Amino acid sequence: MYCLGIEGTAHTVGVGIVDQDGNVLANEIEMYRPVEGGIHPREAANHHAERLVPLVHLAVDHSGLSFKDIDLVCFSKGPGLGPCLRTVATGARALSLSLGVPIVGVNHCISHLEIGRIKTMAQDPVLLYASGGNTQVIAFANGRYRIFGETLDIGIGNMLDKLGREIGLGYYAGPKIEKAAAQGSKLLDLPYSVKGMDMAFSGILTAAVAHRNRGERVEDVCYSVQETCFAMLTEVTERAMAHIEKEEVLLGGGVVQNKRLQKMVHEMAEARGARMYVPDRTLCMDNGAMIAWTGIVMHQSGIRHSLASTVVDQRFRTDQVDVTWR
Ligand code: FE2
């Protein structure tokens with residue numbers, strides 16, 4: 001079985017082709033980059049609409065297959081930005097109808113976990129999912145992927161992007177903040193915001209910008225933000241692992257490329273006698289292959305979606321999905 005998956009929840013549009021064993025035959029990705037400011041949802045959707053058809057052709061070419069070999073079409077049903085989701089869903093419906101194959105709508109957050117499970121040795125991990133729009137600690141328990149902790153306001157990547165803009169590092173600031181943080185050494189006072197098992201990042205952003213406006217070095221501001229926020233993520237992840245007695249931690253999302261975050265989580269895992277897994281970069285970030293693979297496991301477990309049920313859901317919760325494949 002060959003599945004073509006389309007991702008388009010935020011700034012990335014991606015088309016992946018995966019077989020029933022989880023082999024990734026193609027994984028094409030393009031990212032919308034605003035000239036200034038953050039993501040404008042309609043502009044991102046226009047970008048995806050322009051790039052989707054070429055990416056579908058590119059993915060089929062790179063896979064060595066032809067369109068008639070595709071058995072299933074999947075797409076990111078949510079959560080995400082409405083205009084982007086609707087654009088990608090429209091493309092997926094058109095492709096499903098023209099090829100005469102079934103369509104499955106996939107929860108984006110769960111797909112980060114499923115691609116990690118098939119592509120690493122992780123069997124039953126706690127997922128630390130840290131990206132622009134999403135920050136969640138997820139694990140399987142009692143028939144569902146449950147959220148054990150999450151952001152109460154903005155995603156950590158969103159916060160880092162806003163910080164980058166405010167202190168002059170430009171858009172897509174994560175890698176620039178990581179580089180600057182490596183030169184920092186002074187730990188500035190920031191509000192460490194873990195509330196129960198949840199986290200909040202917007203107050204840290206406000207406090208970090210205030211430090212910069214008072215003349216603190218960019219390097220020290222970045223260092224302090226990383227140390228504080230990554231400690232929060234690591235703490236919540238560790239508490240989830242302890243609570244449900246899991247011995248594996250899987251990383252997913254764009255922010256987990258940060259080596260300082262990986263080091264903190266790795267040290268935590270090692271101290272607990274647990275293991276950390278990080279998928280390859282192109283499978284960690286938003287991509288079509290993770291959507292395709294999750295669609296395959298869903299379809300193989302008997303899940304069928306009618307065209308009418310492919311309406312997108314901007315607030316599609318991880319724990320809304322009945323996990324029939326585990
Ligand atoms: Fe994501």
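From a predicted model like this one, the values you see are computed outputs, not experimental measurements. Both counts, for ligands and for their atoms, begin at 1 and track the order of listing.
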> Can you name the side chain to side chain donor-acceptor pair (under 3.5 Å) partners of Asp153, sequence neighbours left out?
Replying inline: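 Asp153 satisfies side chain to side chain donor-acceptor pair (under 3.5 Å) with Thr151, Ser202 once adjacent residues are dropped.
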> Just by distance, do the side chain of Lys259 and the backbone of Glu178 share a donor-acceptor pair under 3.5 Å?
Replying inline: no
> Got a donor-acceptor contact below 3.5 angstrom from the Asp220 side chain to the Lys186 backbone?
Replying inline: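 Flag set: sc Asp220 to bb Lys186 pair under 3.5 Å.
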>> So, with waters excluded, how many protein N/O/S atoms does the Fe ion (ligand 1) have closer than 2.8 Å?
In response: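 That number is 4, waters not included.
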> Who passes salt bridge (Lys or Arg N to Asp or Glu O under 4.0 Å) against Arg272, sequence neighbours left out?
Replying inline: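 Salt bridge (Lys or Arg N to Asp or Glu O under 4.0 Å) list for Arg272, sorted by chain: Glu238.
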>> If the condition is side-chain contact (heavy atoms from CB on, under 4.5 Å), which residues does Thr324 pass it with, not counting sequence neighbours?
In response: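 Result, side-chain contact (heavy atoms from CB on, under 4.5 Å) vs Thr324: Ser301, Ile303, Asp322.
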>> Could you tell me if Arg260 sits above the aromatic ring of Phe230, with its cationic atom closer than 6.0 Å to the ring centre and no more than 45 degrees from the axis?
In response: no
